[in-house]
Amino acid sequence: MKFATWNVNSLTVRLPQVIDWLAANPVDALVLQETKMTDDKFPTMEIGAAGYQVQWFGQKTYNGVALISKTPATDVVKNITGFADDQARLIAGTVNGIRVIGGYFPNGQALDSDKFVYKMAWLDGLRAWLANELKAHEKLVIMGDFNIAPEDRDVHDPAAWEGMTHVSPQERAHFQGLLDLGLVDAYRLFEQPPKSFSWWDYRMLGFQKNKGLRIDHILVSNALKGSVTACVIDRQMRKNPQPSDHAPVIVTIA
DNA sequence: ATGTCGCGTGTGACGCGA
C-alpha cells in the first residue's frame, strides 16, 4: 500500500497537477492541505473521473484539507474531536482497515504571536484526540504539513532559523510528544540524502538553492512500523512550471 | 534579506497569510 501527503497551496490552481500526479503515482490514499476553497467549490467530479473517492473539508481563502482514496473512506471525522476550531485543518477516515489522518498544522507565524498560542493549543488538542484514535485503531497513519522541522538536519540553515517558528523547542517537544504516543517518523526509518526537505520558500530562489525545511511528515503507528518498506519526497513536483511550494511525501507499506 | 505566490476585494493595486 502507498499513502501520500501534499500541501498543494490552492487546489484550484494545482488540480491538474494532482490529477497527473495520481495517474503517475497510483496511491491508496492521498491527503491534501491548503485546498483554499469552500466545500461547494470542491472538484469532486474531476477527482471521481480520475478513479478516486474523496472526502473534503474546507473554507474560504485559507486552510482546507481532503482525503482522496482508491476505496471509500469510512468513519470520516473533520477537525479534532474535542477541540473547538473555526479553521478547517484536519480530516480522518479509515481506508483498507488503516486509520488515515491528514492534517494542516497551524503555521504559528512568530513565537510571540497569537497564532503561535493557537498552534500550541491545536497541538495539545491533537495529542489528546490522537491518543484515543490510537487506542481505537492499532494501524494508523497521520500525515500532512506539520509546520515543524523536527531536528536541525531538517533545516537548511539552523542558525538562520534560530528564534523562528517551525524549529522552536516548544514545537519540537510537541512533535516528540506525538511520537511518544506510539508513532514513528517513516522518513527516518531509512537512510536518506543529506539536506532532504519538503518545502522551499518561493522567494529568494529557495528551491534552486535547496534552502528548505522538512516539515511535511508521515508518522505511522508501531503496529505498522515493521511493514514500512520506503518513504520518499517527490522533489520532482517542485520543478513544475507552476509548483506548490511543497513537494509530496510518499510512504510504502507492505 | 522578505526578491514569490494565491486569494479577496472589486477591476486593479494592495493587504494578508504563508
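Protein chains get the first letters and strands the later ones, always in sequence-line order, with residue 1 at the start of each.
In this structure, A:Leu15 atom CG and B:dC7 atom P are separated by 12 Å, rounded to whole Å. If you take CG of A:Leu205 and C1' of B:dC5, they are 14 Å apart, rounded to a whole angstrom.
A:Ser198 and A:Tyr187 share no donor-acceptor pair across their side chains, judged by distance under 3.5 Å alone. Side-chain contact annotation: A:Asn96 with A:Thr71, donor-acceptor N/O pair under 3.5 Å present.
Within residues 209-218 of chain A, no residue has any heavy atom under 4.0 Å from DNA chain B.
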With the criterion being N/O to N/O and under 3.5 Å, what pairs connect the protein with nucleotides 8-18 of chain B, and how long is each?
unit_1, atom_1, unit_2, atom_2, d
B:dT9, OP1, A:Lys60, NZ, 3.2

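Put simply, the side chain of A:Leu134 reaches to within 4.5 Å of the side chain of A:Leu183, judged on heavy atoms.
Residue pairs satisfying the ring-ring contact (aromatic ring centres under 6.0 Å, His included) criterion with at least one member in residues 43-82 of chain A, sequence neighbours excluded, are listed as follows: A:Phe42-A:Trp56.
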Exercise for the section: Give the intermediate values and the outcome of side chain to side chain donor-acceptor pair (under 3.5 Å) for residues A:Thr5 and A:Asp145. Expected result: CA-CA 8 Å; A:Thr5 176; A:Asp145 176 358; over 6 Å; no

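The same atom, C1', is picked in B:dG12 and in B:dC7; the two are 14 Å apart, to the nearest Å. The gap from the P atom of B:dG10 to that of B:dG15 amounts to 14 Å, rounded to the nearest Å.
Toward the 5' end of DNA chain B, the nearer of the two residues A:Met204 and A:Pro243, judged by each one's closest nucleotide, is A:Met204.
At a threshold of 4.0 angstrom between heavy atoms, the contacts of A:Ser244 with the nucleic acid are absent.
Partners of A:Arg99 under the salt bridge (Lys or Arg N to Asp or Glu O under 4.0 Å) rule, at least two apart in sequence or in another chain, are A:Glu133. Judged as a salt bridge (Lys or Arg N to Asp or Glu O under 4.0 Å), and not counting sequence neighbours, the contacts of A:Arg214 are A:Asp154, A:Asp185. By the salt bridge (Lys or Arg N to Asp or Glu O under 4.0 Å) test, A:Asp201 pairs with A:Arg203, sequence neighbours left out.
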